[in-house]
Every structure is written in structure tokens, then in C-alpha cells.
Enquirer: 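One structure follows; several queries about it will come next.
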2 protein chains.
Amino acid sequence: MSATSGTSRSAQASDGGHLEVSNTALLDTLWASMVSLYGDLTTAATAQGLTYSQAKALNVLRQGPAPMRSLAATLHCDASNITGIIDRLEARGFVRREPSPTDRRVKNVVLAEDGAAAVETLRAGMHATHESLDALSEEERATLQSLLTRLFVAGDGGF
Amino acid sequence: MSATSGTSRSAQASDGGHLEVSNTALLDTLWASMVSLYGDLTTAATAQGLTYSQAKALNVLRQGPAPMRSLAATLHCDASNITGIIDRLEARGFVRREPSPTDRRVKNVVLAEDGAAAVETLRAGMHATHESLDALSEEERATLQSLLTRLFVAGDGGF
DNA sequence: TATTGTTATACTCTATAACTATA
DNA sequence: TATAGTTATAGAGTATAACAATA
């Protein structure tokens, strides 16, 4: 945004480690993008009577059933939170708790039909995001997908 | 991810409007990226004794003082939330409330020295993000910055 | 009248610690 | 002993509604 170029990078390995201060401008852009996406997602979730955390949980469960502990790891929160979040989703019939056949300690959370419908409606309702994506070319979307996958998804499944 | 290609796009304008279902895979990637970035940010914030929301507020204030109402809009939350968030940041000396010279209803929130130091430390502490960014080439970072800016920042300042 | 910021309220999220039941 | 899930607790975030001060 300034004369120092959008991709400047202070390559000072102050303590012998890797590059410490990498690209302030890009960090700003990533941060702002996250806040915008968060806003669009929260708006769409509220329209379904869901909180941000509930929406995240439902979205993860689109990929298949998951144990409570696994959900906590994926959502970067303590396992005790998941109990309440799943409690509330289960009370609305959006998910079910099923016993694991292999480990009687484990409860697998399964996305119910109503939950699947709600999360699909939510995803379709992220209008600002969809409109922005429509403004990119096919090639640009492929590039973005590739870069973001390398940045955030590839490593170990979300840092 | 599947045989349907990473950039497929169901171009069905079901109700005469714009393209409704755009790129499920890319939405997934964006969502996962947001969750990962959120996780890294929260971890770095916790190390500074800050919550995610407090960190977002401090980061916005890096760009200069802002009225309460403006902070609420930028952070996509109700104005009544900001009162509490700024209360807690002010109690720790991270921000100050200053009266607006032009409108006696308005209070401008100013980043204090300790707050500026805390947010810079926080940003430097987002190790997972920095390491990921270091793995991209200069050109790739420029491309990512450009694409994200068009997607999320350019429009109207965060949707 | 409309807007800015605050307060009161109720609900949700969040981490910590302690607990039960399994492994 | 270690792990999965729950409960209790306290602090923080969140939106709604009502309010005072100012425009």
C-alpha cells in the first residue's frame, strides 16, 4: 500500500532462526481477509440461527463423522467446549452422538439431515464471498486454491 | 480433491440472478484457511494475554485512532460489544478513549504505547503463518496479495 | 428525529480443573 | 497410567433493547 512495495520482506534472522519478520503487508491482507470472511460467515450463520462455532462444527462434519476430541483439535479449542456446542446442535436435531464400535470411550458425532441442509443453506448464503469469487477468472481461482492449500491446508491439516 | 476438478463451478443461475453455487472446493479451502489463521492468531494472542477480539481491535487501531462505532463496523459486531472490549484494553493501558474535537458524542480510541508493542509482538508470534509465507516465492506472495485484496479488501473495506 | 456511546440482560463461547468410564 | 468425554466454574464475547447526551 506504500512505497515499500506490497511484497517487501525484512530478512533479518535476529536470533539465527528463520526469517522472523516476513511481509507485513501480506500479513495485513491475510488478517483483513480472515475478518471479512468471518463476517460473511457469521452473517450467513445468524440467518440460520447458528453461531460461528456451531457453523464451523457443522462444516467439519460435512466430511464425515468425527469423535469429540477430533472436533476439538480441528476447531482449535478445548474439548470441553465441544460438549456444549454439540449439546445445542443435538437439541435441534442437527447432529447425533453415536457410540464408536471400536472404543467405548469415544462418541462419533454424525451430521443429521437437518444439519446437512442447514450448513448447505449457510454456505450458499455467503453472498459476499460468492460474488467476490465470481469476479475471478477460472485460472485465478485455481491459483488462489493452490496457494491457500500450500499455506494453510497442506501442512498437517490446519497447522 | 476429486475427479470434478478443483475449480469446477456450477453455473446454474437458478433464479435469474448471478451464479449461485460457485466453486465448492474453493469455498472449503477459504474456510479452512480462515480457521487455520484464526487458530494461529488466537494462539499468539493468548501468549500476550489477549483474546481474539481484543487482538482484532488492537490490530485495527494500528492504522490510527477510530471511533467506537467505526470499530464495531470494521469488526462486524454490535457497538455494545466494543464498549466492553475497549473497557478491558483500557484497563490494561493498551488503548485510550479521547473525545472527538468535532463531535462531542464521539470517542476516538487511540492505541497506547503498550498496546502497540503488544500487537507487534503478537503479529511476530504468528509463527505458523510466517513459516508458511516464507515457503512462498516473492512472486507467489505478490500474486496472493493481489488476489486476496481483490476478493476481500478492495470492495468497500471488508464487504 | 437521528446518531453515538453506554448499560442491563440473556445466551454462547472459552479455558481450567476435577470427575467418570474406559483403554 | 493414559485417554475420551463430561461437568462445574469464571471470565469474555455477542445481540437486543432501552437509555442519556449530542447532533
Side-chain angles (χ1 to χ4, degrees), chain A residues 34-35 38-61 65-92 94-110, chain B residues 35 38-60 65-92 94-110:
Chain A
M34 184 194 65
V35 171
Y38 176 100
D40 195 33
L41 170 49
T42 299
T43 300
T46 301
Q48 304 297 308
L50 293 167
T51 66
Y52 169 71
S53 295
Q54 290 169 351
K56 277 198 299 185
L58 288 181
N59 194 58
V60 168
L61 293 171
M68 304 290 284
R69 191 63 67 170
S70 160
L71 283 175
T74 304
L75 301 179
H76 299 100
C77 70
D78 192 84
S80 64
N81 305 337
I82 302 296
T83 298
I85 292 170
I86 298 301
D87 277 351
R88 287 179 276 275
L89 288 174
E90 195 169 29
R92 293 176 62 183
F94 284 179
V95 301
R96 292 189 307 275
R97 272 180 249 234
E98 297 186 349
S100 163
T102 57
D103 187 333
R104 287 197 297 169
R105 295 173 302 179
V106 173
K107 296 175 185 175
N108 286 316
V109 184
V110 182
Chain B
V35 171
Y38 176 100
D40 195 33
L41 171 48
T42 299
T43 299
T46 301
Q48 303 297 309
L50 293 167
T51 66
Y52 169 71
S53 295
Q54 290 169 352
K56 277 198 300 185
L58 288 181
N59 195 57
V60 167
M68 304 290 284
R69 190 63 68 170
S70 160
L71 283 175
T74 304
L75 300 179
H76 299 102
C77 71
D78 192 84
S80 63
N81 304 338
I82 303 296
T83 298
I85 292 170
I86 297 302
D87 277 351
R88 287 178 276 274
L89 287 175
E90 195 169 30
R92 293 176 63 183
F94 284 179
V95 300
R96 292 189 307 274
R97 272 180 249 233
E98 296 186 350
S100 163
T102 58
D103 187 332
R104 287 196 296 170
R105 294 173 303 181
V106 172
K107 297 177 186 175
N108 286 316
V109 184
V110 182

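Sequence lines set the chain letters: A, B, ... in the order given, protein chains first and strands last, and positions in each chain run from 1. In what follows, every heavy atom counts, from backbone to side chain, and hydrogens, waters and symmetry copies are set aside. These numbers come from a predicted model, not from an experiment.
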Enquirer: Find the distance A:Glu98:CD to D:dG5:P and express it as a whole number of Å.
Expert: 14 Å

Enquirer: Considering all heavy atoms of both residues, which atom of B:Arg97 and which atom of B:Thr83 are nearest to each other, and what is their separation?
Expert: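 Minimum heavy-atom contact is NH2-O, 3.9 Å.
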
Enquirer: Just by modelled atom types, is the B:Ser70 backbone N or O under 3.5 Å from a matching donor or acceptor in the B:Thr74 side chain?
Expert: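 Yes, the answer is positive, given that a donor and an acceptor are paired below the 3.5 Å cut-off.
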
Enquirer: So, do B:Ile86 and B:Met68 sit near enough that their side-chain heavy atoms are less than 4.5 Å apart?
Expert: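 With C-beta onward as the side chain, the pair touches.
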
Enquirer: With distance as the sole test, does A:Thr46 use its side chain to make a donor-acceptor pair with the main-chain N or O of A:Thr42 at under 3.5 Å?
Expert: yes

Enquirer: Without decimals, in angstroms, what is the distance between B:Lys107 NZ and C:dT4 C1'?
Expert: 9 Å

Enquirer: What's touching nucleotides 10-13 of chain C from the protein side, N or O pairs under 3.5 Å?
Expert:
residue	atom	partner	partner atom	Å
C:dC13	OP1	A:Thr51	OG1	2.5
C:dC13	OP2	A:Arg88	NE	2.7
C:dC13	OP2	A:Arg88	NH2	2.5
C:dC13	O3'	A:Ser53	OG	3.4

Enquirer: Do you know which of B:Ile85, B:Asp87, B:Leu58 makes side chain to side chain contact (heavy atoms under 4.5 Å, CB included) with B:Val95?
Expert: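 Result: among B:Ile85, B:Asp87, B:Leu58, B:Leu58 is the only option passing the side chain to side chain contact (heavy atoms under 4.5 Å, CB included) with B:Val95.
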
Enquirer: If you take all heavy atoms of B:Ala79 and B:Arg69, which pair is closest and at what distance?
Expert: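 Smallest heavy-atom distance, with atoms named: CB-NH1, 3.4 Å.
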
Enquirer: Would you mind reading off the distance between B:Leu41 atom CG and D:dG13 atom P, rounded to a whole angstrom?
Expert: 13 Å

Enquirer: Could you give the CG-to-P distance, from B:Leu89 to D:dA12, as a whole number of Å?
Expert: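 Taking atom P of D:dA12 as the reference, CG of B:Leu89 is at 11 Å.
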
Enquirer: Any side-chain heavy-atom pair from A:Val35 and B:Asn59 closer than 4.5 angstrom?
Expert: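 Contact flag for A:Val35/B:Asn59 side chains = no.
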
Enquirer: Specify the separation, in whole Å, of atom CG of A:Asp87 and atom C1' of D:dA8.
Expert: 14 Å

Enquirer: Would you mind reading off the distance between B:Glu90 atom CD and C:dG5 atom P, rounded to a whole angstrom?
Expert: 13 Å

Enquirer: Does the distance from a Lys or Arg side-chain N to an Asp or Glu carboxylate O, for A:Lys107 and A:Glu98, drop under 4.0 Å?
Expert: no

Enquirer: Looking only at heavy atoms, which two atoms of A:Ser80 and A:Asp78 are closest? And how far apart?
Expert: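 Minimum heavy-atom contact is OG-OD2, 2.8 Å.
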
Enquirer: Could you report the tightest heavy-atom contact between B:Ala45 and B:Thr51, atom names first, then the distance?
Expert: CB-O, 4.1 Å

Enquirer: Go through DNA chain D and write down every stem, that is, every run of at least three consecutive Watson-Crick or G-U wobble pairs with distances under 3.5 Å, as range with range.
Expert: C:1-23 with D:1-23

Enquirer: Between C1' on C:dT14 and CG on A:Leu75, what's the gap in Å once rounded to a whole number?
Expert: 13 Å

Enquirer: Within the 4.0 Å limit for protein heavy atoms, which parts of nucleotides 17-23 of chain D are touched? Write it as a string from 5' to 3', B for base, S for sugar-phosphate only, - for none.
Expert: ----BBS

Enquirer: Could you state the CD1-P distance from B:Ile86 to C:dT7, rounded to the nearest angstrom?
Expert: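 Value for this atom pair: 14 Å.
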
Enquirer: With a cut-off of less than 4.0 Å, is there a side-chain N or O of A:Arg97 near OP1 or OP2 of D:dT6?
Expert: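 Answer is yes, contact under 4.0 Å.
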
Enquirer: Work out which heavy atom in B:Gln54 is nearest to a heavy atom in B:Gly49; give both atom names and the distance.
Expert: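 Looks like OE1-O, 4.1 Å.
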
Enquirer: Does A:Ala79 or B:Ile82 map to a spot on DNA chain C nearer the 5' end, using the closest nucleotide for each?
Expert: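 Closest to the 5' end, via its nearest nucleotide, is B:Ile82.
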
